[in-house]
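All of these numbers come straight from a predicted model, not from anything done at the bench. Hydrogens, waters and symmetry mates play no part in the numbers below; they use all other heavy atoms, side chains included. So you know, we letter chains A, B, ... as the sequences are listed, proteins then strands, and number each from 1.
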Amino acid sequence: MPRHPRATSTSAAPAPRCSVGSTPASTTACSSSASRTPTASARPRPASTLSSRAWPGWGSTPTSRWSTSRTTCRTTSLPPRTWWPGASCVIPLDEQERRHAAGAPSVVRYRVPREDGNVEFADVVYGEQSIDPHELDDFVLLRTDGSPLYMLSVVCDDIAMRVTHVVRGQDHLSNTPKQILLYQALDATVPTFAHLPLIMAPGGEKLSKRKHGDVVSVTTYRDRGFLPDALVNYLALLGWSPGDGDEQEVFTRAELIERFSLERVGRSNAKFMFTAGDPRNWTDPKALSINSTWIRNMPLDELLPHVEAALRAEGLWDSAFAGERAEWYRATVELIRERFWTLRDFVEQGAAYFSDRVTFEPAAVAKNLGREPKLAAALPALAERLAGLASFDLESVEATVRAVADEHELKHGAVITGLRTAVSGQAVGPSAFELCVAIGQERVVRRLRESPALVRGAG
RNA sequence: GGCCCCAUAGUCCAGUGGUUAGGAUGCGGGCCUUUCAAGCCUGAGGCACGGGUUCAAUUCCCGUUGGGGCUACCA
């Protein structure tokens, strides 16, 4: 049998079928034969419901008996199950009859076999496990209403789906022995288990949807401009590495499929660093970093569709970008992606390139326009000079900018940075001259003509 | 309380019975320059503690401490 799900099955071994995650496809899959809604007329359940291991159990409230047991074993510091030799679980038959006659609702509980030795299995990640069944509770299989619990459902679903490899979080490691017992009770083949280390929140607790909200949701990453491959790349690195002195960190999906192996997955939990509410570090900085690496370095042709989708979603897409302006579009994306971190940057900062929409960053305006009042006159003057340019290319734009700066007795840098902000709204970005050429003569001229209001407003 | 798992910089990962303990990210400084969440260079920062085993432990063993998980008529 292949040791992990991505291994290629070479021989007659069946192709691995994986159960990834922990939610059964159906919580009622197993209930058909075993569950009946108890009624006053229901006959006592035979002890043989499940390999002579399932028993009816009563309690005035679902957990009353267990609460007592917990208290007992805590105060006596006994192993949890020693007080439970079966006596309080196995109710005498006549008592069962009496309770059923009285219509007392019951659950069906699995009686753990404690005389057959330890439950053993080899976890692909955590290694050999051997659990003393005395540590295991007699757990409930069916609720009072006959519906199955998770423990039974996963096992039944995975058997039904012929799952060969179960890959899930380490929080299920302790439940695995119970499930193995169920596989055996049902006379089914026990699958191979691989438990993965957990991803913890910055505070150290288990990361959860309930407590941590959107950061745990993949759709959040999609909506906030992550490339699918970049997310997968980052996640793969949480707990796994190629090893053998190989320090590569950027992996394509194909490389991951080729090189990933469960055997090289570590056993210690990872902390997922993020700062809720911080627009810059809303998720782990390393995840952001890998996403930016992808955006900057992936083949342009593979990035383009993602940018297009983002622009379309914001109403910034122009069919000309795929037609007569295709070349310009490609060059522009290539120019601006160098400093971008997520796909959102293409619609936020990028809007200034693809449309008439410019978002002026207040800090940028204050820094590059607000500190030099003379720009209120210089920038419009520059606008007219640029408007008169027959060829709006890098060299002529630069020459014009420098000339206008001299004429207004301004430092070149002041005009250049002011120009960048007046035209793109940003304090950072590509070379101001390249930026102008990319945005185009008409828009640059128009934005410069409108800039005095910004200069005065900021000053 | 019981059982299980884990332990290398802030974080994510390599690594070795003898190494200047490596990379990434983040942070500091410098360079470049018209800007920097860009690029280049550079700096600080780590083997949790205590016992063993050994000529020699970050590495192997035990314990301690610390962290996490499970222990539901949740999944």
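Rounded to whole Å, the distance from OH on A:Y126 to C1' on B:G69 is 9 Å. As rounded to whole Å, 10 Å separates atom C1' of B:G68 from atom NZ of A:K206. In this structure, A:R114 atom CZ and B:C3 atom C1' are separated by 14 Å, rounded to whole Å. Rounded to an integer number of Å, the gap from CZ of A:R280 to P of B:C36 is 13 Å. Distance A:L235 CG to B:A24 P: 21 Å, rounded to the nearest Å. The CZ atom of A:R339 sits 11 Å away from the C1' atom of B:U34 (whole-angstrom rounding). When the P atom of B:G69 is taken as reference, atom NE2 of A:H195 falls 15 Å away, rounded to whole Å. Between the CD atom of A:E361 and the C1' atom of B:A37 there is a distance of 12 Å, given to the nearest Å.
Of the listed nucleotides (B:G2, B:A37, B:U71), B:A37 has the atom at the smallest distance from the side chain of A:W341. When distances are taken from the side chain of A:E338 to each of B:G39, B:G26, B:A75, the shortest belongs to B:G39. The side chain of A:A432 lies closest to B:U34 when the candidates are B:U34, B:U25, B:C5.
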Per-nucleotide protein contact string for nucleotides 7-15 of chain B, where B marks a base within reach and S marks sugar-phosphate only (heavy atoms under 4.0 Å, - for neither): S---SBSSS
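At a threshold of 4.0 angstrom between heavy atoms, the contacts of A:G429 include nucleobase atoms, whether or not backbone atoms are also involved. Looking at heavy-atom distances under 4.0 Å, A:S431 makes contact with a base. Residue A:R296 is in sugar-phosphate contact alone, with no base atom involved, counting any heavy-atom pair closer than 4.0 Å across all strands shown. At the heavy-atom level, A:D171 lies under 4.0 Å from the strands shown only through sugar-phosphate atoms.
Each of A:E128 and A:G203 has a nearest nucleotide on RNA chain B; the 5'-most of these lies closest to A:E128. Where A:I290 and A:M151 meet RNA chain B, the nucleotide closest to each residue was compared, and A:I290 sits on the side nearer the 5' end.
Side chains of A:D406 and A:H412: a donor on one and an acceptor on the other come within 3.5 Å. A donor-acceptor contact under 3.5 angstrom links the side chains of A:S147 and A:R143, judged on distance only. A:T421 and A:N368 share a donor-acceptor pair across their side chains, judged by distance under 3.5 Å alone. Side chain to side chain, A:N233 and A:W294 meet the donor-acceptor criterion of an N or O pair below 3.5 Å. Checked by atom type, the side-chain pair A:D284/A:Y234 shows a donor-acceptor distance below 3.5 Å. With hydrogens and angles left out, the side-chain atoms of A:N118 and A:S130 include a donor and acceptor closer than 3.5 Å.
Judged by distance alone, with hydrogens and angles left aside, A:T144 brings a side-chain donor or acceptor within reach of the base of B:C73, the pair sitting under 3.5 Å.
Distance noted for atom P between B:G1 and B:U64: 13 Å (whole Å). Rounded to a whole angstrom, the distance from the P atom of B:U11 to that of B:U20 is 27 Å. For the P atoms, the distance linking B:C49 with B:U42 amounts to 31 Å, nearest Å. When the P atom is used for both B:A38 and B:A24, the distance is 15 Å, rounded to whole Å. Distance check on atom C1': B:U8 versus B:G67 gives 16 Å, rounded to whole Å. For the C1' atom pair drawn from B:U34 and B:A48, the interatomic distance equals 50 Å after rounding to whole Å. Nucleotides B:U16 and B:C61 place their P atoms 15 Å apart, quoted to the nearest Å. Atom C1' of B:U65 sits at a distance of 33 Å from the matching atom of B:G28, rounded to the whole Å.
In terms of phosphate contacts, A:R143 brings a side-chain nitrogen or oxygen within less than 4.0 Å of OP1 or OP2 of B:A75. Proximity of A:K178 to the phosphate of B:C70: no side-chain N or O atom is located under 4.0 Å from OP1 or OP2.
Ion pairing of A:K271 with A:E205 is absent here, as no side-chain N (NZ or NE/NH1/NH2) approaches a carboxylate O to less than 4.0 Å.
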Stepwise ring pair (Phe, Tyr, Trp, His ring centres under 6.0 Å) test for A:F260 and A:W240: CA-CA 8 Å; A:F260 184 89; A:W240 174 86; 5.4 Å; yes
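Shown here is A:E409, whose CD atom has no more than 12 heavy atoms of other residues, nucleotides or ligands within 6.0 Å.
Stacking between A:H172 and B:A75 is present: the aromatic ring centre lies within less than 5.5 angstrom of the base six-membered ring centre, and the two planes differ by under 30 degrees.
Taking CG of A:L303 as the reference point, atom CZ of A:F340 lies at 10.5 Å (rounded to 0.5 Å).
Taking the centre and axis of the six-membered ring of A:Y110, the NZ or CZ atom of A:K178 falls outside the cone set by 45° and 6.0 Å.
A donor-acceptor distance shorter than 3.5 angstrom exists from the side chain of A:Q129 to the backbone of A:G127, with no hydrogens or angles considered.
Base pairing in RNA chain B gives the following stems of 3 or more Watson-Crick or G-U pairs, range against range and under 3.5 Å: B:1-7 with B:65-71, B:10-13 with B:22-25, B:27-31 with B:39-43, B:48-52 with B:60-64.
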